[in-house]
> 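Below you'll find the structure I mean.
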Amino acid sequence: MLTNSARWAKAFSDWFREPGRAREARGIKLLREWLSPEQLAQYDRFGYFDVTGCDSGKRYRIRHGTGTNIYEMDDAGQTRTGWCFVPDGYLVAGDVVLAQKIALETDEVGALTVAKHFVLR
């Protein structure tokens with residue numbers, strides 16, 4: 001009989017060895033569960049969704065990806081500037097995008113403090 005620690009270690013080992021496609025699918029599934037109906041419709045149609053920053057009320061567009069995928073939008077719906085911040089460690093795109101969504105919706109100032117700004121062309 002396995003102890004709780006041994007069960008956790010086995011589960012982590014199994015997860016780590018899981019093929020990349022399965023990890024990506026699981027990340028997308030989790031992301032989709034966290035999106036509002038409007039965000040999910042946007043994501044399904046365009047591959048991105050908009051979030052509202054909790055501190056400024058600014059609108060950000062998050063594209064599917066693992067970096068340089070966050071765009072600050074102006075009132076006319078045009079991109080103003082780009083932001084890049086990602087969680088530590090190796091995560092699939094769905095997990096990165098979900099972390100970015102949660103960060104902007106719950107701690108916008110903190111997220112942008114560590115973010116790198118990039119110029120849109």
> Restricting to pairs with a member in residues 100-112, which pass salt bridge (Lys or Arg N to Asp or Glu O under 4.0 Å), not counting sequence neighbours?
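Qualifying pairs: Lys101-Glu105.
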> Starting from Leu30, can I reach Val51 by hopping between I/L/V/M/F/W/Y residues whose side chains sit under 4.5 Å apart?
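The answer is yes; both residues are in one hydrophobic cluster.
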> What residues, two or more places apart in sequence or in another chain, satisfy salt bridge (Lys or Arg N to Asp or Glu O under 4.0 Å) together with Asp55?
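Per chain and number, Asp55 pairs via salt bridge (Lys or Arg N to Asp or Glu O under 4.0 Å) with no residue.
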> Report the distance from atom CG of Leu98 to atom CG of Leu35, rounding to the nearest 0.5 Å.
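Spacing of CG (Leu98) from CG (Leu35) equals 7.5 Å.
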> Applying salt bridge (Lys or Arg N to Asp or Glu O under 4.0 Å), run through Arg23 and Asp95 and close with a yes or a no.
CA-CA 10 Å; Arg23 281 195 304 263; Asp95 292 339; over 6 Å; no
> With sequence neighbours left out, write down each residue that passes side-chain hydrogen bond (donor to acceptor under 3.5 Å, both in side chains) with Gln42, or none if nothing qualifies.
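Per chain and number, Gln42 pairs via side-chain hydrogen bond (donor to acceptor under 3.5 Å, both in side chains) with Asp50.
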> Shared ILVMFWY cluster between Trp34 and Val96, side chains joined below 4.5 angstrom?
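Per the 4.5 Å side-chain linkage, Trp34 and Val96 are not co-clustered.
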> Side-chain polar contacts of residues 110-119 - donor-acceptor pairs under 3.5 angstrom, sequence neighbours left out - could you list them?
{"unit_1": "Thr113", "atom_1": "OG1", "unit_2": "Val109", "atom_2": "O", "d": "2.6"}
{"unit_1": "His117", "atom_1": "NE2", "unit_2": "Thr81", "atom_2": "OG1", "d": "2.2"}

> In terms of hydrophobic clustering (I, L, V, M, F, W, Y; side-chain heavy atoms under 4.5 Å; direct or indirect links), are Val97 and Ile28 co-clustered?
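Yes, because Val97 and Ile28 connect within a single hydrophobic cluster, where side-chain heavy atoms sit under 4.5 Å apart.
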> Could you tell me how the ring of His64 sits relative to the ring of Tyr43: parallel (under 30°), tilted (30 to 60°) or perpendicular (over 60°)?
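Answer is tilted, since the angle falls between 30° and 60°.
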> Sorted by first residue and then second, give each salt bridge (Lys or Arg N to Asp or Glu O under 4.0 Å) pair with at least one member in residues 62-84; sequence neighbours left out.
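Applying salt bridge (Lys or Arg N to Asp or Glu O under 4.0 Å) to every pair that reaches into residues 62-84, excluding sequence neighbours, yields Lys58-Glu72, Glu72-Arg80.
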> Is it true that Leu120 and Tyr48 fall in one hydrophobic cluster, defined by side-chain heavy atoms closer than 4.5 Å?
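Shared cluster, no.
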> Given side chain to side chain contact (heavy atoms under 4.5 Å, CB included), test Leu104 with Ile62 step by step and report yes or no.
CA-CA 10 Å; Leu104 288 169; Ile62 304 176; 4.1 Å; yes
> Is there side-chain contact between Tyr60 and Trp83, with heavy atoms separated by less than 4.5 Å?
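Contact flag for Tyr60/Trp83 side chains = yes.
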> Looking only at heavy atoms, which two atoms of Cys84 and Thr68 are closest? And how far apart?
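The answer is SG-N, 3.2 Å.
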> Please list, chain by chain and in numerical order, all residues satisfying ring pair (Phe, Tyr, Trp, His ring centres under 6.0 Å) with Phe85, sequence neighbours excluded.
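Here no residue qualifies.
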> Check the pair Leu31 / Phe49 against side chain to side chain contact (heavy atoms under 4.5 Å, CB included), numbers first and verdict last.
CA-CA 11 Å; Leu31 170 64; Phe49 58 91; 4.3 Å; yes
